[in-house]
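Working notes, structure below.
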Number of protein chains: 2
Amino acid sequence: MDGDDATPRPRPRLEDVAVEVGLSTASVSLVLRGAAGPSAATRERVLEAAARLGYRPDRAASLLARRRSRLIGVMMDVRSSYHGELLEDVHEADEQHGYDLVLSTVTRTWNEQRAVETLLDSRCEALVLLGPEASAAWLTALDRQLPVVVVGRPFPSAGVDVVRASDDVGVGAAVDHLVGLGHLDIAYVDGGPGTIATGRRRGYRMAMRRHGLAHRIRVLRGSHTEEAGLRAAPVLMGDDAPATAAIAFNDRVAVGLLDALSRAGVAVPGEMSVIGYDDSPLSRLVHIGLTTVSQNSQQLTQHAVAAVVERLDGGRTDHREVVLPPQLVVRTTTALPPRRRSTG
Amino acid sequence: MDGDDATPRPRPRLEDVAVEVGLSTASVSLVLRGAAGPSAATRERVLEAAARLGYRPDRAASLLARRRSRLIGVMMDVRSSYHGELLEDVHEADEQHGYDLVLSTVTRTWNEQRAVETLLDSRCEALVLLGPEASAAWLTALDRQLPVVVVGRPFPSAGVDVVRASDDVGVGAAVDHLVGLGHLDIAYVDGGPGTIATGRRRGYRMAMRRHGLAHRIRVLRGSHTEEAGLRAAPVLMGDDAPATAAIAFNDRVAVGLLDALSRAGVAVPGEMSVIGYDDSPLSRLVHIGLTTVSQNSQQLTQHAVAAVVERLDGGRTDHREVVLPPQLVVRTTTALPPRRRSTG
DNA sequence: GTGACTGGTTAAAGCGCTTTAAGGTATGGC
DNA sequence: GCCATACCTTAAAGCGCTTTAACCAGTCAC
């Protein structure tokens, strides 16, 4: 006599499964989470019933009830495909450690603070911030509340964990590569102010000195966009002692450079070698084939997640800075210099 | 005598605020959500206390308790910066309608089905899927469970809402632009199989016919990457009646084309005009300056959110397909043809 | 046969919030 | 004074799940 006017539960709950198998919700919960206790026979019955009813746990309820959220909050700029790549890896690493992810994105109308607050309100146990721009003071204060890992940005403080690639080493590798090919007149197109740019510039200078090329150091004023490359090009060529190779602050600058050079009829790499930084999708374009420095994002994220897990599960309380060596990715914009010249 | 050995509540709860102002949690809840009831005086006291204690509502608890979640789930490919842009707009639009966002990303290890399940488990009331690849059958079934809007992909079914830009109109506008400049030999570099490519190809053919240029229709085999452009270039130039303009399936193909042309010494737009499709960040690069077709993502997302809201709050039950006209963005890769030739 | 286990199961107390019906207190009209 | 009226405020019942202590057979040893 039970017509189908009985409101059909839109979604089965734990209790529906429990009733179905004639057990308590406690047992069902235990089984579904794979916790110890229930016998093999019980497990089987429960799993079968759950599958049959199409049961799926409600995240909000589960989250509210459980002691630990096992949630890691990630803040990112959703418009950056680099962050997207990082996120993909973070996701995978988190999963391996039994954590789940909560995402919060920075947009025009949603700044870093709001993004972080959302994560906090979602009961995250730790935060992974991809390339945050917030002040050191604020982040340090945050870290007193829960473990915070800053990824990909040099951070002048021991108040949080930091995982990043070593920019000076990266640029150093670029110089080494060029010197190895026989280049001597290697210029650097700068990235303007900022901690990242400073590190890379220093890397260039140090490497040049290391190779006894201190007197050939040439840093061209720049920024982080293509325009810097466009403007640097004539300076590189116009000299009476033109450079045979250039290292750009990043790939975008390098692409600007490439463009200006090709317009000016300067063959790359025939007459000039060019190296970028970031290994961006741009640099991988088959017809650009930019030799560049990769930050090895996989390792970056693995360390970031490891840092979180150490503090959450490993009881670590001090802060740590992990600096990874970047890797040079040699493509087609670097080659032997046009002709050897005498040093001096 | 209350030493500070009393466990300090890590986070104030609603009750803490209530105790602070000597009211019930009910009143505090009412005030904080801006619901009607509490007097102005009460409101003020509550807000002051909440701010002083640094109270922030727990999302999980709030979500669990409330009747409606007011959550809209968005599925996207986090590695696509285009999706990132869309998301930013969706976020803004949702907010305006009083909805909150839950994000779920498709990755290597996390397919569309899992992403959607996560959204469902999070109590979303509706789903916005950015460029999903799932089958029509599955999505249609999903839509019986909750409103589903597919964004940016032609979708052969009336089982869900669809919001997309009209590809044939977009390519048509490109043809119009070129014809307006005086081009007659306008070739099209195809994007291979797939619904999107089909629509664009059709747009090209229709527009050419409309201009009485049916006999000059030339569709070059292609794909969706730079390589297609590289391969198309010689075909475009090599003929005894070379094209004066080319429209590419998308920006990546167009960039491949640009590259090959510049290597071959063909001036763009002097000797050949090129138009892409997507208005990707790539096309905006100052030194590429690709004339391209923009899908007007802002409108796309506004319609998508509107569709959701209509079904959630407006009681609409039928399905709707919104097809927006794309917009041509003229940059620097299109100009008058090199020299007029007689038609025929 | 008793006590000490032990493996399996569950009652019950939350998690922190929302929501609604019911309660209280003024106010005003009669 | 008494009742209706309006306005605030709150008690209490969840939301759907987790977790822990308690419980209940069965063993098993002695």
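Lettering of chains follows the sequences in order, A, B, ..., and the numbering in each one begins at 1.
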Integer-rounded Å distance: [N] [atom2] and [X] [atom1]:
X: B:L32; N: C:dT19; atom1: CG; atom2: P; result: 13 Å
X: B:R66; N: C:dC15; atom1: CZ; atom2: P; result: 20 Å
X: A:L64; N: D:dG14; atom1: CG; atom2: P; result: 17 Å
X: B:L14; N: D:dC15; atom1: CG; atom2: P; result: 19 Å
X: A:E15; N: C:dT10; atom1: CD; atom2: P; result: 13 Å
X: B:D58; N: D:dG16; atom1: CG; atom2: C1'; result: 15 Å
X: B:D16; N: C:dG16; atom1: CG; atom2: P; result: 9 Å
X: A:R45; N: C:dT9; atom1: CZ; atom2: P; result: 8 Å

Identify which nucleotide among [options] has an atom closest to any side-chain atom of [X], counting heavy atoms from C-beta outward.
X: B:A65; options: C:dC17, C:dT9, D:dC17; value: C:dC17
X: A:S39; options: D:dG16, C:dT9, D:dT9; value: C:dT9
X: B:S62; options: C:dC17, D:dG16, D:dT9; value: C:dC17

Are more than 12 heavy atoms, taken from residues, nucleotides or ligands other than B:E48, located less than 6.0 Å from that residue's CD atom?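 For B:E48, atom CD is crowded (more than 12 foreign heavy atoms under 6.0 Å).
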
**Prompt:** How about A:E15: does its CD atom have over 12 heavy atoms from other parts shown lying under 6.0 Å from it?
**Reply:**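 No - once you tally the heavy atoms of other residues, nucleotides and ligands closer than 6.0 Å, there are 12 at most.
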
Using 4.0 Å as the upper bound for N to carboxylate O, is an ion pair formed by [Y] and [X]?
X: A:D121; Y: B:R11; result: yes
X: A:R70; Y: A:D100; result: no
X: A:R123; Y: B:D58; result: yes
X: A:R153; Y: A:E133; result: no

query: C:dT19 phosphate, OP1 or OP2: any side-chain N/O from B:R67 under 4.0 angstrom?
result: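 The answer is no; no side-chain N or O of B:R67 sits under 4.0 Å from OP1 or OP2.
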
Phosphate OP1/OP2 of C:dT19: any B:R33 side-chain N/O under 4.0 Å:
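Yes, such a contact exists.
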
**Q.** Residue-level proximity of residues 22-30 of chain A to DNA chain C when a heavy atom falls under 4.0 Å
**A.**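 Residues of residues 22-30 of chain A that come under 4.0 Å of DNA chain C are, in numerical order, A:L23, A:S24, A:A26, A:S27, A:L30.
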
Using atom types as modelled and distance alone, determine if a side-chain donor or acceptor of B:R164 lies under 3.5 Å from a backbone N or O of B:E321. no

Margin query: Applying a 4.0 Å non-hydrogen cut-off, can you work out what B:R123 is touching in the nucleic acid: base, sugar-phosphate, or nothing?
Written below: sugar-phosphate

